[in-house]
Each structure stands twice: as C-alpha cells, then as structure tokens.
Colleague: 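Input: one structure, supplied below.
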Amino acid sequence: MNAAPVLPLDAQDPFLLVTMEIIHTAAWMKQVGRQARAEDRILGFVPTMGALHEGHFSLIRTARQQCSPVVVSIFVNPKQFGPGEDFQKYPRTLDVDRAALEKLGVDYLFAPPPEEIYPRGFRTAVVVEGLSDRQEGRSRPGHFRGVTTVVLKLFEIVQPRFAYFGRKDAQQLRIIQQMAADLDLDTQIVACAIVREADGLALSSRNIYLKGNDRGAATVLYRSLDAVRREVAAGQRDAATLLVALRKAIVSEPEVTLDYAEIVDAETLEPVVTLRRTCYVLVAAFVGGTRLIDNALIEQDGESFLVSL
Ligand code: AMP
C-alpha cells in the first residue's frame, strides 16, 4: 500500500510559495486571508475584472512594494452591468492574465465562479447613498450598487489591510472610500494614478472594442481634458467656461457623442461653479458603440491649480 504523499515544505506553508496559487473558492481564500492576518502579514489586494493591462499592473506593482502577500481577484461581476450592457462580451482572458500575474510576483489569484460570490438565494446589496446616483450612476442605474456589493464581499473574503484602486474610475474610488469609512472597514483604500497610452488614451479593458477609426477618435477624451488643463494653466477658474473648452474638443470628433462632462468637488461629487480645493473633471462619451470614461484631477496649490491627467 502506498503511503500518503508528503507535501513539500512550500506547499504546506501558503506563504512560502514559489509560484502563484490560484484560488477558486471563497472558503479557501478566506482561510488564506485569515492566516495572513493572524501572522500579522500585510495583505494587499487588487480587485479586477480581468483582461489585464498596464493600468492593472501599476496597481499590482504598488501593492507589491507595500504588501506581502499580494492577492489579485479576477471576477466579471454580473451585478455591476445593466441590462443591454456588455456583460456577455466583456473580454475574458484568464490564461494570459494568469501568466502576467505570475510574472509580476503575485502570490494569489482569486478567480471565483459566479456561484461562489452569489450563491443561490443571495439577497443583500450595499449602497452608498447619494454618491452612487450621479454621473456614472445616472447613466448606469444600479452600477455602483453592484460595485459596492461585490467589493465589500471581496473584502470580507480576502480581508486585506490595503486595497488598490485606480483613479481612472474616480467616482468608484470615491464611493469605495466612503463605504470603507462609513462601515469602519479594516481595509485602507489606496488610490493609484491613471495609466495612459502614449497618445493619452487611458488604458481600459474595453479599449479592445475600439476598431478602425474609433481608436484614434477615442483620444479625444484625453484631448478634451488637456484643453481644460491649458485653460486652467492660463488662469481660468470658471467651471462653465472650462466645460465649454472641453465640449469644443469633443465635438471636433464626429463619431464621438458626449454622455456627460462635469467639474465636481472631489469629496461630494457635486458640480462646482468655480475651482476650489480638489475637483475632478469627469467625462463619459460614446466612441462608436463603445462607452469610455476619463477624468482629470484638479488640486489647489496656493494661488494656482494643478491639473493631473
Ligand atoms: P477593472 O478591471 O476595470 O474593474 O479595473 C480594476 C482596477 O484597475 C480598478 O481599480 C480600476 O480603476 C483600475 N484601472 C483600470 N484602468 C486603469 C488605468 N488606465 N489606470 C489606472 N488604474 C486603472
């Protein structure tokens, strides 16, 4: 009779792994998270929907510098897609993603099937009121309800000390920060800068939808924000005037339709009349059939304002 195989040391101790472990169940992920906490390790978490690109990688690199172990989740969350949105066709590239994460030195990839996150009979929703209804929330009803529900659930499963989010999704970041504060979560939210292509287009998993002329036209979101930056640098402080400059850039691309453009207070997400403290310029537009979002951060620096794209 064969004796039970003896596991090598690195397979017995989840923190001595030489390769990335892929976890599919909430129960095992929770076990790993719990053990990290018990051992006082600083677990860093990067939630994603996969189809990974440099934007995601920059979050992961930051997490790697600050944390060990690092957990990345890939879950295309059905609850944050509205009817008629791109849930079915959203790019799913797990094998390529896995190889990239391994190269980046990620410790755990959490890739649960939908039923692990939303088992039969699931009934709970998490809503950050007010902040979730405007801008993206107005154009995509129920979107942020889906986002906050899944992010809180993922936090409960992974139990991270730090979680990394891109400023690319500025409203999402703001809402998650509010949720973490309101619910006294033990997870610190870390905001990371927007990663862009050389021509300014913000990296997005949805950029693969941009075919033919749409790819070039899509840079108009960046160019419209850059127009605002130039106006601010020239001394303009009036939000309505800044938005005129933004819209003028957008209409120069006939296949691009503006959904909304707003200059808002970074905390309340309410429109401002003149620049003050910290603001966002938020823009959403359809490029052909593809909906893209982008933003610029405006920060007061003494008498002047700095615009980060
Ligand atoms: P997603 O997979 O689209 O849900 O994005 C996962 C995380 O990556 C979110 O926190 C996004 O804000 C972030 N992210 C996506 N694109 C970028 C980008 N171009 N620059 C920085 N962060 C990004």
Side-chain angles (χ1 to χ4, degrees), residues 44-64 66-67 70-82 85-87 89-94 96-98 100-101 104 106 109-112 114 117 135-136 140 143-155 158 160 162-180 187-210 215 218-219 221-222 225 266 280 282-284 290-297 308-309:
F45 178 43
V46 183
T48 82
M49 298 207 299
L52 301 178
H53 51 67
E54 269 304 319
H56 300 112
F57 300 158
S58 71
L59 271 54
I60 293 165
R61 286 193 196 98
T62 308
R64 279 265 291 154
Q66 301 174 351
C67 306
V70 169
V71 178
V72 174
S73 66
I74 294 181
F75 180 63
V76 184
N77 174 30
K79 287 197 189 289
Q80 70 187 71
F81 290 80
E85 289 190 353
D86 57 343
F87 174 67
K89 74 163 186 173
Y90 196 85
R92 288 161 172 88
T93 58
L94 190 60
V96 180
D97 291 350
R98 184 173 53 197
L101 294 176
L104 284 165
V106 167
L109 165 57
F110 180 43
I117 300 298
Q135 294 104 20
E136 283 300 281
R140 305 181 66 191
H143 170 65
F144 287 122
R145 176 188 170 103
V147 170
T148 39
T149 299
V150 82
V151 169
L152 182 61
K153 175 133 188 175
L154 289 169
F155 282 5
V158 177
F162 293 90
Y164 296 80
F165 290 86
R167 207 243 296 153
K168 160 74 168 45
D169 300 282
Q171 187 178 10
Q172 167 177 285
L173 169 65
R174 176 67 195 95
I175 288 169
I176 286 166
Q177 282 168 332
Q178 186 70 44
M179 175 179 79
T187 302
Q188 209 164 307
I189 308 303
V190 184
C192 301
I194 302 179
V195 178
R196 298 179 178 281
E197 303 280 5
D199 61 7
L201 178 66
L203 268 70
S204 163
S205 305
R206 290 190 167 95
N207 289 353
I208 63 150
Y209 301 152
L210 298 169
R215 172 60 188 81
T219 62
L221 277 80
Y222 171 79
L225 295 169
Y280 281 121
L282 301 175
V283 59
T290 305
R291 189 171 180 283
L292 299 177
I293 58 172
D294 202 343
N295 69 83
L297 175 66
S308 308
L309 298 183

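In each ligand, atom 1 is the first atom listed, and ligand 1 is the first ligand listed. Note that these values count all heavy atoms, side chains included, but never hydrogens, waters or copies made by symmetry.
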Colleague: Using a 3.5 Å distance criterion without hydrogens, assess whether the side chain of Ser205 forms a donor-acceptor pair with backbone atoms of Ala51.
Modeller: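 It does hold such a pair.
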
Colleague: Is the distance between the ring centroids of Phe75 and Phe110 less than 6.0 Å?
Modeller: no

Colleague: For Tyr209, is there any backbone N or O sitting under 3.5 Å from a side-chain donor or acceptor partner on Asn207?
Modeller: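 Side chain of Asn207 to backbone of Tyr209, a donor-acceptor pair under 3.5 Å: no, none is there.
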
Colleague: What pairs meet the salt bridge (Lys or Arg N to Asp or Glu O under 4.0 Å) rule with one or both residues in residues 48-59, with sequence neighbours excluded?
Modeller: Glu54-Arg61

Colleague: So what's ligand 1 close to, N/O to N/O, under 3.5 Å?
Modeller:
| unit_1 | atom_1 | unit_2 | atom_2 | d |
| --- | --- | --- | --- | --- |
| ligand 1 | 2 (O) | Met49 | N | 2.9 |
| ligand 1 | 2 (O) | His56 | NE2 | 2.9 |
| ligand 1 | 5 (O) | His56 | NE2 | 3.4 |
| ligand 1 | 10 (O) | Gly166 | N | 2.9 |
| ligand 1 | 12 (O) | Gly166 | N | 3.2 |
| ligand 1 | 12 (O) | Gly166 | O | 3.2 |
| ligand 1 | 12 (O) | Asp169 | OD2 | 2.6 |
| ligand 1 | 16 (N) | Leu203 | O | 3.3 |
| ligand 1 | 19 (N) | Val195 | O | 2.9 |
| ligand 1 | 19 (N) | Leu203 | N | 3.4 |
| ligand 1 | 19 (N) | Leu203 | O | 2.8 |
| ligand 1 | 20 (N) | Val195 | N | 2.9 |

Colleague: Give a yes or no on whether a salt bridge exists between Arg167 and Asp294, defined as a side-chain N under 4.0 angstrom from a carboxylate O.
Modeller: no

Colleague: Answer yes or no: is there a donor N or O on one side and an acceptor on the other, between the side chain of Asn295 and the main chain of Asp169, under 3.5 Å?
Modeller: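 Checking the backbone N and O of Asp169 against the side chain of Asn295, no donor-acceptor pair under 3.5 Å is found.
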
